[in-house]
Amino acid sequence: MPTEHDMPLNSDARASSENVAVPSVTAPQTTDGITAIVPARDEEAVIAACVQSLAKQSEITEIVVVNDHSSDETAPIVRDLATRLTRLRLLEAPEPPPGWVGKNNALTIGARNATSDWLLFTDADVELEEGATARALQIAKETHAALVSFSPQQIMEEWYEKALIPFVYCRLARRFSYAAVNDPKSAAAAANGQFLLIRREVYESVGGHARFSSDVLEDVALATAVKAAGHRLWFGPGKGIVRVRMYRTFGAMWEGWTKNLYRLMGGTPWRVFREGESAFPWIPLVVILLGIKFPIAMFAGVLLLVLRQMNYGSELVRNQFPFGFIIYYIPAVFLYAGVLAASYRSYARGKVQWKEREYSTAARDVKK
């Protein structure tokens, strides 16, 4: 979902991939079909459902789960599944080289062990609906796209998920339009790493995830490189095709958006300030405060706030969220303002955290 993508490719990431040795793996002979690659770090609650949904896709000829130093039962669960699913393999990722994001290291290892002409990168908390990969391949054939990506249907259970996640996606829809991304004449590029299908030869020609070894927005960076190389992208909504519950705790949700939001919204203090100013209903709230002294202002402020809320409702519907989620509008804007500020602070400090790892946003060093 992510109008025009204008973030440049990460020069630090390119330098890192050039200077840091990656564990070498002899590339196997490729065959028709799809290799699904799943990076997994402490995913015992979701990995089985993910793998089983992949196994139901006849176009997927192999499933490669890359265990990224999990401390829970992720690896044993996958090993048990492999006794019944002959297409499933478990790989153990080595420690990420200095400067590498753990996920990019795991994805690189998975891709170098893949044996298919198409690579499907997906997350361990994703579940594919029946016919998902068939639909993706059909789109690739019809549009001549080298990369097909779906923005998954979001499964939300807690109030904070229903407040913040739809609000973020509605804001992203303003910045990244499907039409612009899919237009070969536009420089706009985006993808969602929760379902990213790419032709292997194109993936290798642009340098794969190794080129963006230190980038926490590896999906957008990869899509940008693919389009810049002259290949077509197709990016669209995934309702009825792929679903995900991104975060299962408030802390994980906050940490996840803190890691990504600053970059997604432009990656500069001025762009992030403009985004916060645009998203927060500060005019209605100021008018409401004036209502303490001037009662007519209270009425006007509430009316303005209701109009903002109704406009948000229409955005929800356009982005395939329930209209009823407008009841979360007020907590949504405060949560969004808070996590946007937190993301800015993290990048200003030069460090972001994710899954018990700390990443430098300046030198792109990874610290355990």
key: Worked verdict on E161 versus R245 for salt bridge (Lys or Arg N to Asp or Glu O under 4.0 Å)   = CA-CA 9 Å; E161 298 172 273; R245 185 179 180 196; 2.9 Å; yes
task = Applying salt bridge (Lys or Arg N to Asp or Glu O under 4.0 Å), name anything that partners R318, two or more places apart in sequence or on another chain.
result = none
query = Crowded around Y344 OH? As in, over 12 foreign heavy atoms under 6.0 Å?
reply = no
task = Indicate yes or no for a side-chain donor-acceptor contact from S70 to the backbone of N67 under 3.5 Å, with no hydrogens or angles considered.
result = no
message = Checking S186 against K227 for the side-chain contact (heavy atoms from CB on, under 4.5 Å) test, could you report, in this order, the C-alpha distance in whole Å, the side-chain angles of both residues, the deciding distance, and whether it holds?
response = CA-CA 9 Å; S186 169; K227 197 168 191 180; 4.3 Å; yes
message = Just verifying a value: how many Å separate L290 CG and L285 CG, rounded to the nearest 0.5 Å?
response = 11.0 Å
ask   = So among D123, D68, D215, which one has a salt bridge (Lys or Arg N to Asp or Glu O under 4.0 Å) with K103?
value = D123
ask   = Distance only, no hydrogens: is a donor on one side chain within 3.5 Å (strictly under) of an acceptor on the other, for N105 and T108?
value = no
task = State which residues pass salt bridge (Lys or Arg N to Asp or Glu O under 4.0 Å) with R79; sequence neighbours excluded, sorted by chain then number.
result = E92
key: salt bridge (Lys or Arg N to Asp or Glu O under 4.0 Å) assessment of R112 paired with E204   = CA-CA 10 Å; R112 291 184 175 182; E204 293 176 344; over 6 Å; no
request  = Verify side chain to side chain donor-acceptor pair (under 3.5 Å) between E59 and T133, making sure each step is shown before the conclusion.
outcome  = CA-CA 6 Å; E59 297 76 20; T133 53; 2.7 Å; yes
query = Any side-chain heavy-atom pair from F121 and V38 closer than 4.5 angstrom?
reply = no
query = Is the closest side-chain heavy-atom distance between S343 and S346 below 4.5 Å?
reply = no
inquiry  = Show, in sequence, the C-alpha distance, side-chain angles and deciding distance for S278 and R171, and conclude whether the side chain to side chain donor-acceptor pair (under 3.5 Å) test is met.
reply    = CA-CA 10 Å; S278 172; R171 300 305 300 181; 3.0 Å; yes
Side chain T61, main chain I34, donor-acceptor under 3.5 Å = yes
query = Is the shortest heavy-atom distance from the side chain of F323 to the side chain of M310 under 4.5 Å?
reply = yes
request  = Check which hydrophobic residues are tied to F273 through side-chain heavy-atom contacts below 4.5 Å, counting indirect links as well, and list them.
outcome  = W270
message = Please report the interatomic distance CG(L289) to CE(M298), rounded to the nearest 0.5 Å.
response = 8.0 Å
key: Close side-chain approach of V244 and I155, heavy atoms under 4.5 Å   = no
inquiry  = I'd like to check W118 versus R200 (side-chain heavy atoms, cut-off strictly below 4.5 Å). Are they in contact?
reply    = no
query = Counting distance only, does the side-chain N/O of R41 pair as donor-acceptor with the main-chain N or O of K355 below 3.5 Å?
reply = yes
Student check: side-chain heavy atoms of Q320 and Q153 closer than 4.5 Å = no
query = What class does the angle between the rings of H209 and Y203 fall in, given that below 30° is parallel, 30 to 60° is tilted and above 60° is perpendicular?
reply = tilted
inquiry  = Determine whether a donor-acceptor pair (N or O, by modelled atom type, separation under 3.5 Å) exists between the side chain of E62 and the backbone of T115.
reply    = yes
task = Can you sort out the partners of Y328 under ring-ring contact (aromatic ring centres under 6.0 Å, His included), two or more places apart, ordered by chain and number?
result = F325
query = Which atom names give the shortest non-hydrogen contact between V168 and L261, and what distance separates them?
reply = CG1-CD1, 4.2 Å
Salt bridge (Lys or Arg N to Asp or Glu O under 4.0 Å) involving D219 - partner list, sequence neighbours excluded = none
task = Taking all heavy atoms of K162 and all of M156, pick out the closest pair and write down the distance.
result = CE-O, 3.6 Å
ask   = Is the closest side-chain heavy-atom distance between Q194 and R243 below 4.5 Å?
value = no
Derivation of the side-chain contact (heavy atoms from CB on, under 4.5 Å) call for I198 and V226 = CA-CA 9 Å; I198 185 170; V226 169; 3.8 Å; yes
task = Any chance you could measure M253, atom CE, to F250, atom CZ, to the nearest 0.5 Å?
result = 4.5 Å
ask   = Hey, which of F150, Y178, F195 is the one that makes ring-ring contact (aromatic ring centres under 6.0 Å, His included) with F235?
value = Y178
key: L128 to S53 - nearest heavy-atom pair and separation   = N-OG, 3.1 Å
message = Using only atom types and a distance under 3.5 Å, with no angle test, would you say the side chain of R89 pairs donor to acceptor with the backbone of N113?
response = yes
ask   = Quick one: salt bridge (Lys or Arg N to Asp or Glu O under 4.0 Å) partners of E255, sequence neighbours excluded?
value = none
task = Any chance you could lay out the side-chain contact (heavy atoms from CB on, under 4.5 Å) test for Y169 and Q154, step after step, and finish with the verdict?
result = CA-CA 10 Å; Y169 273 86; Q154 298 295 319; 3.3 Å; yes
inquiry  = To check you understand the geometry: which heavy-atom pair defines the closest contact between L196 and A191, and what is its length?
reply    = CD1-CB, 3.9 Å
query = Does A179 offer a backbone N or O that forms a donor-acceptor pair with the side chain of D183 under 3.5 Å?
reply = no
query = Between CG of L316 and CD1 of I326, what distance do you get to the nearest 0.5 Å?
reply = 8.0 Å
request  = Would you confirm whether Q57, through its side chain, and E129, through its main-chain N or O, come within 3.5 Å as a donor-acceptor pair?
outcome  = yes
ask   = Considering all heavy atoms of both residues, which atom of A145 and which atom of V148 are nearest to each other, and what is their separation?
value = CB-CG2, 4.1 Å
request  = Indicate the ring-plane relationship of F167 and Y312, choosing parallel, tilted or perpendicular according to the 30° and 60° boundaries.
outcome  = tilted
ask   = Atom CD in Q309, atom CG in L304: separation rounded to 0.5 Å?
value = 13.0 Å
ask   = Regarding Y262 and E275, is there a side-chain donor-to-acceptor distance under 3.5 Å anywhere?
value = no
ask   = Under 3.5 Å, is there a donor-acceptor pair linking the side chains of T74 and D42?
value = no
message = Less than 4.5 Å apart, side chain to side chain, heavy atoms only: is that true for W254 and Y247?
response = no
message = Could you walk me through whether V65 and V51 satisfy the side-chain contact (heavy atoms from CB on, under 4.5 Å) test, starting with their C-alpha distance in whole Å, then the side-chain angles of each, then the deciding distance to 0.1 Å, before giving a yes or no?
response = CA-CA 8 Å; V65 176; V51 168; 3.9 Å; yes
task = Please round to the nearest 0.5 Å and tell me the distance separating atom OG1 of T122 and atom CG of L119.
result = 13.0 Å
request  = Mind listing the closest non-hydrogen atom pair of W159 and P331 along with its distance?
outcome  = CZ3-CB, 4.1 Å
